[in-house]
Asks: 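Structure in structure tokens, see below.
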Number of protein chains: 2
Amino acid sequence: MARDLTKEKVVQKAAELANELGDVHQLKLKDLAAALDIKVPSLYNHVKGSAGLIDALRIHALSELSGILQDAMVGKISEEALVAAAQSYRTFAHANPGIYQLVIQAGEPGSEVERIGKNSLSFLLLILGSFGLQGDEALHVVRGFRSLLHGFVSLELAGGFGLDLDLDQSFERLIKDYISGIQNL
Amino acid sequence: MARDLTKEKVVQKAAELANELGDVHQLKLKDLAAALDIKVPSLYNHVKGSAGLIDALRIHALSELSGILQDAMVGKISEEALVAAAQSYRTFAHANPGIYQLVIQAGEPGSEVERIGKNSLSFLLLILGSFGLQGDEALHVVRGFRSLLHGFVSLELAGGFGLDLDLDQSFERLIKDYISGIQNL
DNA sequence: ATTTATAAACTAATTTAATTAGTTTGTCAA
DNA sequence: TTGACAAACTAATTAAATTAGTTTATAAAT
């Protein structure tokens with residue numbers, strides 16, 4: 001046999017399909033195999049079943065998000081950098097509604113996921129330094145910032161906001177209020 | 001046949017099992033039926049399959065959360081009321097790790113879920129009034145507050161916080177910073 | 001040019017879960 | 001005592017994931 005199918009192509013296609021479906025758990029191996037024009041058991045040559053596919057998609061999603069955030073922040077400081085990061089985070093979620101949910105889990109010590117997470121963390125800590133935040137102070141704020149980003153976008157993706165009220169404005173206001181809050185120590 | 005099994009008992013048991021498992025989607029009808037000492041198809045006399053069970057659990061969870069929040073806020077104003085609501089929200093999530101995730105979806109117009117949501121919303125708007133927030137301003141802040149609560153507790157439940165740093169402190173700090181932020185209009 | 005090893009496909013069979021159809025049975029009310 | 005209904009049951013179907021074992025195409029080694 002030997003077509004030019006690789007793990008990367010399998011994961012890429014799975015990400016596309018999951019994003020079309022809006023939820024990675026809606027994607028069945030049957031659908032993925034069909035899209036790749038192979039039979040289901042052949043997928044096992046590339047990923048360790050559905051659990052292995054999810055793991056691979058998590059790394060795929062995290063790498064992408066991490067890159068996007070760093071691109072958004074590079075060359076900026078303090079408020080401008082945080083606002084740019086927030087906007088990019090939300091844009092990533094909108095563009096990846098199916099796999100977004102995979103980025104929230106912290107990695108096991110020593111894992112690829114942990115490595116990517118630490119990388120983004122150190123970038124954010126650099127920015128928070130420009131606010132005068134250091135040590136545990138800064139770490140608490142990173143947790144807070146992540147919480148509000150994840151909370152907003154996950155509610156948005158889940159259809160959690162029922163009111164007829166502009167979402168962009170709500171998001172902008174949330175980020176502004178929080179940044180304002182961390183400045184009044 | 002006719003044992004004294006009711007829909008309420010089915011849902012109650014399902015909630016218990018889901019919370020033990022930590023994720024409602026890990027709960028299989030087989031396990032629920034076994035815990036109730038009936039066969040799987042008999043569950044269909046009480047709920048419309050697994051989708052119907054999820055719907056019922058969502059209403060169960062939302063009602064409980066809504067009651068808890070109102071109890072926490074009643075008789076308090078401004079910052080004190082918001083802090084109490086935040087603590088209760090997080091406590092609810094810790095006590096209900098399996099079904100917590102069901103509370104984030106807004107209800108269809110006319111649904112029970114929408115009714116409960118509107119009820120909690122009006123309560124929160126009352127509190128925000130004591131901050132001088134009204135109209136769309138207040139609605140944006142309700143969205144923000146919900147976002148940070150949901151973001152923090154869902155990251156916490158999903159094992160999203162990897163660092164060895166006190167979670168209670170992170171949460172307290174987040175709430176304080178946000179409340180501080182909405183006061184500097 | 002032929003053989004051989006390997007990766008990647010395949011078919012077939014199993015397991016688990018949810019669902020539907022159709023049947024039985026116990027309780028309560030007429 | 002009969003008749004109706006709710007709630008249980010068994011049996012069969014469907015969907016999905018997985019595992020085992022087999023085939024085949026390519027590419028390297030003789």
Side-chain angles (χ1 to χ4, degrees), chain A residues 1-61 97-99 101-102 105 112-113 158, chain B residues 1-61 97-99 101-102 105 112-113 158:
Chain A
M1 298 290 156
R3 313 191 202 173
D4 54 355
L5 193 55
T6 61
K7 176 169 183 174
E8 288 64 43
K9 287 181 186 175
V10 170
V11 172
Q12 177 59 42
K13 179 60 80 177
E16 284 170 24
L17 296 177
N19 287 330
E20 282 167 23
L21 292 168
D23 172 10
V24 72
H25 292 112
Q26 292 289 123
L27 174 63
K28 304 302 173 186
L29 295 187
K30 178 175 64 117
D31 304 321
L32 177 55
L36 294 169
D37 204 32
I38 59 175
K39 304 293 179 179
V40 173
S42 305
L43 287 170
Y44 287 73
N45 290 317
H46 303 286
V47 292
K48 289 189 186 149
S50 44
L53 177 63
I54 296 290
D55 290 344
L57 282 169
R58 172 171 298 114
I59 291 170
H60 169 87
I99 59 172
Q101 58 173 120
L102 300 178
Q105 242 146 308
E112 174 77 356
V113 167
Chain B
M1 298 289 154
R3 310 191 203 174
D4 55 354
L5 193 54
T6 61
K7 177 169 183 175
E8 288 65 40
K9 288 181 185 175
V10 170
V11 173
Q12 176 59 42
K13 179 61 79 177
E16 284 169 24
L17 295 176
N19 287 329
E20 281 168 24
L21 291 167
D23 172 10
V24 71
H25 293 110
Q26 292 288 123
L27 174 62
K28 304 303 175 186
L29 296 188
K30 179 176 65 115
D31 303 322
L32 177 55
L36 295 168
D37 203 31
I38 58 175
K39 303 293 178 180
V40 173
S42 304
L43 286 171
Y44 286 73
N45 291 317
H46 302 285
V47 292
K48 290 187 186 150
S50 45
L53 178 63
I54 296 290
D55 290 344
L57 282 170
R58 172 171 297 114
I59 290 171
H60 168 87
I99 59 173
Q101 59 173 117
L102 300 177
Q105 242 147 310
E112 172 80 353
V113 168

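Residue numbers start from 1 in every chain, and the chains themselves are labelled A, B, ... in the order their sequence lines are given, proteins ahead of strands.
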Asks: Out of Lys9(A), Lys7(A), Glu8(A), which residue meets the side-chain contact (heavy atoms from CB on, under 4.5 Å) rule with Val11(A)?
Replies: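 The residue from Lys9(A), Lys7(A), Glu8(A) that satisfies side-chain contact (heavy atoms from CB on, under 4.5 Å) with Val11(A) turns out to be Lys7(A).
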Asks: Can a donor-acceptor pair be found, under 3.5 Å and without considering hydrogens, that links the side chain of Asn19(A) to the backbone of Ile99(A)?
Replies: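 Yes, Asn19(A) side chain to Ile99(A) backbone: donor-acceptor pair under 3.5 Å.
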Asks: Nearest whole Å is fine: how far is dA8(C) P from Lys9(A) NZ?
Replies: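 So the NZ-P distance, Lys9(A) to dA8(C), works out to 12 Å.
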Asks: What's the CG-P distance between Asp4(B) and dT27(C), to the nearest Å?
Replies: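 The distance from CG of Asp4(B) to P of dT27(C) comes to 12 Å, rounded to the nearest Å.
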Asks: Rounded to whole angstrom units, what separation is found between the NE2 atom of His25(A) and the P atom of dA17(D)?
Replies: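 Taking NE2 of His25(A) and P of dA17(D), I get 11 Å after rounding.
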Asks: Give the C-alpha distance, both sets of side-chain angles, the deciding distance and a yes or no for side-chain contact (heavy atoms from CB on, under 4.5 Å) between Leu102(A) and Ile59(A).
Replies: CA-CA 9 Å; Leu102(A) 300 178; Ile59(A) 291 170; over 6 Å; no
Asks: Please tell me if Ser42(B) has a side-chain N or O lying less than 4.0 Å from either OP1 or OP2 of dC9(D).
Replies: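 It does, given that an N or O in the side chain of Ser42(B) lies less than 4.0 Å from OP1 or OP2 of dC9(D).
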Asks: Do Lys39(B) side-chain atoms and Lys30(B) backbone N/O form a donor-acceptor pair below 3.5 Å?
Replies: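 No; zero donor-acceptor contacts below 3.5 Å.
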Asks: I need the residues from residues 27-37 of chain A with at least one non-hydrogen atom less than 4.0 Å from DNA chain C; give them sorted by number, or say none.
Replies: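 Nucleic-acid contacts, sorted: none.
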Asks: Quick check for you: to the nearest 0.5 Å, what is the distance between Ile54(A) atom CD1 and His60(A) atom NE2?
Replies: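 Output value for this atom pair is 12.5 Å.
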Asks: Near DNA chain C, which residues from residues 43-57 of chain B have a heavy atom under 4.0 Å away?
Replies: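 Contacting residues: Tyr44(B), Gly49(B), Ser50(B).
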Asks: If you check every side-chain atom of Ile38(B), which of dA12(C), dT20(C), dA8(D) has the closest atom?
Replies: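 Closest nucleotide among those given: dA8(D).
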Asks: Do you know which two heavy atoms are closest between Ala35(A) and Leu17(A), and how far apart they sit?
Replies: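 Reported closest heavy-atom pair: CB-CD1, 3.7 Å.
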Asks: Search all heavy atoms of Gln26(A) against all heavy atoms of Asp31(A) and return the closest pair with its distance.
Replies: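 The pair with the smallest heavy-atom distance is O-OD2, 4.4 Å.
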Asks: Send over the distance from Lys7(A) NZ to dA9(C) C1', rounded to a whole Å.
Replies: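 Value for this atom pair: 18 Å.
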Asks: Is Lys48(B) paired with Asp55(B) through a side-chain N to carboxylate O contact shorter than 4.0 Å?
Replies: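 No, this pair does not count.
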